[in-house]
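Sequential numbering from 1 along the given sequence is applied to the chain's residues.
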Amino acid sequence: MTAPASDRFEVFGTTAVLVVTEPDALPAARARADAELAAIDRAASRFRADSELSLLNSRPGELVPVSELLADLLAEALRAADVTDGDVDPTCGTALNAAGYDRDFGQLRAGRVTLTVAAGPVPGWARVRLDRDRRTVRLDHGVQLDLG
């Protein structure tokens, strides 16, 4: 029996470990993981001005078409909010910005930013209207999403 192979790498401010049961499959698996993670970043990064999430956050009150990927990610975030009675809430974007978390973890770790810890209310996940069938989202005014 061949031993599993793995690759450890940094992504989204944390460390990921990719493990495959067939060592020869590791390069292809890493390429596939990198492609999927890049797609998630393009769709859902709060720190990219060109991401779908940034576009959505910039259009409160409007019905915004989104990709299947962003619709799926947002649906999972709203499900998490529902099952935790709002303890996990994707409408925390404004609160995170106010706390100083307004750029990538890499810049925060480099000591270029000081975070201010200040707990405050968030608008609440019920103020997000997702229509998965039509793949559209409407955010109430004052709602800024963070799917991290």
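When atom types are taken as modelled, the side chain of Arg127 and the backbone of His141 share a donor-acceptor pair closer than 3.5 angstrom. With Thr91 contributing its side chain and Gly124 its backbone, the two residues share a donor-acceptor pair below 3.5 Å. For the pair Glu52 (side chain) and Leu70 (backbone), a donor-acceptor distance under 3.5 Å is absent. For Asn57 (side chain) and Leu145 (main-chain N/O), a donor-acceptor pair under 3.5 Å exists by modelled atom type. Checking side-chain atoms of Arg135 against main-chain N and O of Pro65 turns up no donor-acceptor pair under 3.5 Å.
Sorted by first and then second residue, the salt bridge (charged side-chain N to carboxylate O under 4.0 Å, His left out) pairs with a member in residues 89-99 form an empty list; sequence neighbours excluded.
Smallest separation of non-hydrogen atoms from Ala5 and Leu26: CB-CD2, 4.1 Å. Nearest heavy-atom pair across Ala49 and Ser54 is O-CB, 3.8 Å. Shortest non-hydrogen contact noted between Ala43 and Leu69 is CB-CD2, 4.0 Å. When all heavy atoms are compared, the tightest approach of Ala95 to Val122 is CB-CG1, 4.1 Å.
Annotation: side chain of Leu147 is not in contact with side chain of Arg46 (no heavy-atom distance under 4.5 Å). Counting only heavy atoms from C-beta outward, the side chains of Leu74 and Val128 approach each other to under 4.5 Å. Two residues are said to be in side-chain contact when any heavy atoms from C-beta on lie closer than 4.5 Å; Val20 and Glu22 fail this criterion.
Counted within 6.0 Å of CZ on Arg129, heavy atoms from surrounding residues, nucleotides or ligands total more than 12; the atom is thus considered enclosed. Arg32 CZ: 12 or fewer foreign heavy atoms inside a 6.0 Å radius.
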Working for side-chain contact (heavy atoms from CB on, under 4.5 Å), residues Asp41 and Phe47: CA-CA 9 Å; Asp41 190 52; Phe47 307 116; over 6 Å; no

Stepwise, does the salt bridge (Lys or Arg N to Asp or Glu O under 4.0 Å) test hold for Arg138 with Asp131? CA-CA 9 Å; Arg138 184 185 318 267; Asp131 183 330; over 6 Å; no

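To the nearest 0.5 angstrom, Trp125 atom CH2 is 8.5 Å from Asp85 atom CG. Between atom CD of residue Gln144 and atom OG of residue Ser58 there is a gap of 8.0 Å, rounded to the nearest 0.5 Å.
If you chain together hydrophobic residues whose side chains sit under 4.5 Å apart, Leu78 and Val88 never meet in one group.
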